[in-house]
Amino acid sequence: MDQANKKKVDRADFLKGKLEEVAHADPMKLFSVWYQEAIEKSCADPHAVVLTTATTDGKPSSRIVYMRDLLEEGVIIYTNYTSRKGIEITKNPNVALLFYWDCCERQVRIEGQVEKINPLISDDYFAARPRISQIGAWASEQSTVIPDRASLEERVAFYEKKFPNEVPRPPHWGGLIVEPNYFEFWQGRLGRLHDRICYEKSADDWATYRIAP
Ligand SMILES: Cc1cc2nc3c(=O)[nH]c(=O)nc-3n(C[C@H](O)[C@H](O)[C@H](O)COP(=O)(O)O)c2cc1C
């Protein structure tokens, strides 16, 4: 890497916050505070999260999705159940989520197990989506190989005709809830001496500890 590019990669120090003690006994509370702050401070795409799934033989794959709701029990996302991620989680429900809120110099790592949400909740969410997204959920066989862009557009035209009015939710599309069993809250600090506070679920409680940066 040349000097000019190296300079771009090396960033200035992290100075925007501290996480010196466990701020909440319940990590979901702290997560929700950090998420609100990311929104208030206008972080880019604060709902965007990297979702990592893995095959049963441990081969991981990651992609960005949007967190669409935050409940006491976990993080809600929506996707195609027959996509690569959808198939991987039916065999291995262990997943990881990674949020990065640059404007707050924070990242949050979450690990947990994922399951489908109640179909009635998926119905409500789907009904509130823009029509083009509803049609897209029918037209796109997410993660499958397609011959060209035109074939996708043909499928869009087909479903536009098939559903001239209301678009029902496709059975292969809906919500997932990630129920966390581990959190790491990372706050950037001066000289790379970052704060890292972890929460690990034990029975019905959370054990907390600090790890080295
Ligand atoms: C900013 C952003 C948000 C996205 N949100 C979603 C989402 O909420 N749900 C989803 O299924 N895919 C979303 N995607 C697309 C995924 O990254 C991915 O391409 C798709 O889900 C297929 O992944 P898979 O083949 O690994 O299953 C988003 C992509 C970006 C860049």
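Read the numbers this way: they start at 1 and go in the same order the structure lists the ligands and their atoms.
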Starting from [atom], what is the nearest protein heavy atom, named by residue and atom, and what distance separates them?
| atom | value |
| --- | --- |
| atom 1 (C) of ligand 1 | Y66 OH, 3.4 Å |
| atom 19 (O) of ligand 1 | R63 CB, 4.8 Å |
| atom 9 (N) of ligand 1 | Y78 O, 2.9 Å |
| atom 11 (O) of ligand 1 | T79 OG1, 2.6 Å |
| atom 23 (O) of ligand 1 | K85 NZ, 3.3 Å |
| atom 24 (P) of ligand 1 | S143 OG, 3.6 Å |
| atom 20 (C) of ligand 1 | Q142 NE2, 3.4 Å |
| atom 4 (C) of ligand 1 | I64 O, 3.5 Å |

| field | Pick from N80, V65, T53: the one approaching atom 5 (N) of ligand 1 most closely through a non-hydrogen atom | value |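 The option holding the nearest heavy atom is V65.
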| remark: In short, A38 meets P46 closest at the heavy-atom pair CB-CB, 4.1 Å
| note | Between S140 and L152 the two heavy atoms that sit nearest each other are CA-CD1, 4.1 Å
| Which atoms of ligand 1 have any heavy atom of S83 under 4.0 Å away? |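 In order of number, 27 (O).
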| Numbered atoms of ligand 1 (with element) below 4.0 Å of R84, judged on heavy atoms |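 The list of qualifying atoms is 24 (P), 25 (O), 26 (O), 27 (O).
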| task | Give the intermediate values and the outcome of ring pair (Phe, Tyr, Trp, His ring centres under 6.0 Å) for residues W186 and F14. | result | CA-CA 11 Å; W186 184 102; F14 297 88; 5.4 Å; yes
| Do NZ/NE/NH1/NH2 and the carboxylate oxygens of R192 and D13 come within less than 4.0 Å? | yes
| query | Do D195 and K18 sit within salt-bridge range, that is, some charged N less than 4.0 Å from a carboxylate O? | reply | no
| task | Show the numbers, then the answer: is there a side chain to side chain contact (heavy atoms under 4.5 Å, CB included) between I117 and Y125? | result | CA-CA 11 Å; I117 63 171; Y125 178 78; over 6 Å; no
| Should the ring pair F31 and F185 be called parallel, tilted or perpendicular, given that the plane angle runs from 0 to 90° and is split at 30 and 60? |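 Tilted: the ring planes of F31 and F185 meet at 30° to 60°.
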| field | Evaluation steps, ring pair (Phe, Tyr, Trp, His ring centres under 6.0 Å), between F163 and W138 | value | CA-CA 10 Å; F163 304 120; W138 282 97; 5.1 Å; yes
